[in-house]
Novice: 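Before anything else, here's the structure in question.
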Amino acid sequence: DQQVKQNSPSLSVQEGRISILNCDYTNSMFDYFLWYKKYPAEGPTFLISISSIKDKNEDGRFTVFLNKSAKHLSLHIVPSQPGDSAVYFCAASDGGSNYKLTFGKGTLLTVNP
Amino acid sequence: DVKVTQSSRYLVKRTGEKVFLECVQDMDHENMFWYRQDPGLGLRLIYFSYDVKMKEKGDIPEGYSVSREKKERFSLILESASTNQTSMYLCASSPPTGTEKLFFGSGTQLSVL
């Protein structure tokens, strides 16, 4: 049973445009959400996070939105740059599970120059 | 900066061999994790440890064991490697209470022939 779902395996956008990556979850106990970025042959790196008490968190070009009623979050990248091309993983935690994260399958973002 | 170091970037082993994957972190983190990443399946948790000599099974522990004799080192052991264990293995660490932010190593690409 997949608790964190990223239904789009890939996304392609033009440089300068907005990239929107989506993530859905099923576990109501999740209270903390993170996005990781992964380049080939490298480990994932933390990008941005959001607590369930908020509905938006912004860090430079990256904004994460959380809709708790819909159990949905999204990552917005504006403007998109070619260097943003990577696999993006959505992850969630329920805090009580020794801080282990449940990851989605990832979305490959390609930003075309 | 936090550094999580995995001993090998690439490893080729034969079916039935005993395989050790080593991971060392230098930030005195209590929590350490082993994930595997497979195309189309995302990151799946194999085992984690929240203290020396403590371990807990993740979502896919079958065929694996772990060892944590020192705080900075977390080893993943494949007792008898099989071809379906060919994968990218990622080690991660995190501080104790209050954060779910993981710091990942660069990964070990294991091929079992």
Side-chain angles (χ1 to χ4, degrees), chain A residues 1-10 21-27 29-53 57 59 64 66 73 86-108, chain B residues 1-6 8-10 21 23 25 27 29-51 54-61 66 68 74 88-110:
Chain A
D1 180 31
Q2 200 180 348
Q3 298 186 67
V4 177
K5 301 177 185 179
Q6 292 178 257
N7 292 319
S8 297
S10 63
L21 294 93
N22 294 304
C23 179
D24 297 292
Y25 62 96
T26 57
N27 188 340
M29 299 301 293
F30 286 149
D31 60 1
Y32 195 73
F33 304 89
L34 307 90
W35 285 93
Y36 280 81
K37 180 166 82 170
K38 186 181 185 299
Y39 293 117
E42 293 185 14
T45 54
F46 170 76
L47 191 57
I48 193 169
S49 62
I50 188 167
S51 165
S52 60
I53 62 173
N57 188 26
D59 183 2
V64 56
L66 175 62
L73 64 156
V87 177
Y88 289 79
F89 291 101
C90 173
S93 168
D94 64 10
S97 305
N98 286 318
Y99 317 107
K100 66 172 185 152
L101 297 181
T102 300
F103 285 84
K105 293 184 178 182
T107 297
L108 173 62
Chain B
D1 273 357
V2 174
K3 193 161 186 184
V4 179
T5 303
Q6 294 184 231
S8 305
R9 291 299 299 271
Y10 301 95
L21 301 183
C23 175
Q25 50 96 2
M27 283 302 290
H29 286 169
E30 271 71 10
N31 304 322
M32 296 189 75
F33 306 80
W34 276 106
Y35 285 86
R36 63 178 280 179
Q37 183 198 0
D38 300 287
L41 296 178
L43 297 171
R44 294 180 294 166
L45 181 64
I46 304 171
Y47 266 97
F48 66 102
S49 167
Y50 51 90
D51 201 353
M54 305 299 289
K55 60 185 179 184
E56 285 203 23
K57 293 179 180 179
D59 300 316
I60 52 164
V66 290
R68 189 145 181 224
F74 192 35
M88 168 68 81
Y89 289 88
L90 293 159
C91 176
S93 71
S94 71
T97 57
T99 178
E100 288 86 343
K101 182 178 171 182
L102 300 183
F103 297 86
F104 282 88
S106 297
T108 296
Q109 180 61 53
L110 173 67

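Just so it is clear: chains get the letters A, B, ... in the order the sequence lines come, proteins before strands, and each one is counted from 1.
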Novice: Rounded to the nearest 0.5 Å, how far does CZ of B:Arg9 lie from CD of A:Glu42?
Specialist: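 That separation rounds to 7.5 Å.
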Novice: Nearest 0.5 Å please: distance from the CZ atom of A:Phe46 over to the CZ atom of B:Phe104.
Specialist: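 One gets 12.0 Å once the value is rounded to the nearest 0.5 Å.
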Novice: Between A:Gly106, A:Ser49, A:Gly104, A:Pro44, which has the largest tally of heavy atom pairs under 4.5 Å with chain B?
Specialist: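 Of the options given, most contacts go to A:Pro44.
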Novice: Using atom types as modelled and distance alone, determine if a side-chain donor or acceptor of B:Tyr35 lies under 3.5 Å from a backbone N or O of A:Phe103.
Specialist: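 No.
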Novice: Between A:Tyr36 and B:Leu43, is a side-chain contact (heavy atoms from CB on, under 4.5 Å) present by the stated rule, with each step listed?
Specialist: CA-CA 11 Å; A:Tyr36 280 81; B:Leu43 297 171; over 6 Å; no
Novice: Counting only non-hydrogen atoms closer than 4.5 Å, does B:Asp59 touch chain A with its backbone (N, CA, C, O), its side chain (CB onward), both, or neither?
Specialist: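 Contact with chain A involves the side chain of B:Asp59 alone.
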Novice: Rounded at 0.5 Å granularity, tell me how far CG in B:Leu45 sits from OG1 in A:Thr102.
Specialist: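 Taking CG in B:Leu45 and OG1 in A:Thr102, the distance rounds to 8.0 Å.
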Novice: Quick one: what part of B:Glu30 sits under 4.5 Å from any heavy atom of chain A, side chain, backbone, both or neither?
Specialist: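 No part of it gets close to chain A.
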Novice: Can you name the closest pair of heavy atoms from A:Leu34 and B:Lys101 and give their distance?
Specialist: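 Between these two residues, the closest heavy atoms are CD2-CA, 4.0 Å.
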Novice: Under a 4.5 Å heavy-atom cut-off, does chain B meet the side chain of A:Ala41, its backbone, both or neither?
Specialist: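 Both backbone and side chain.
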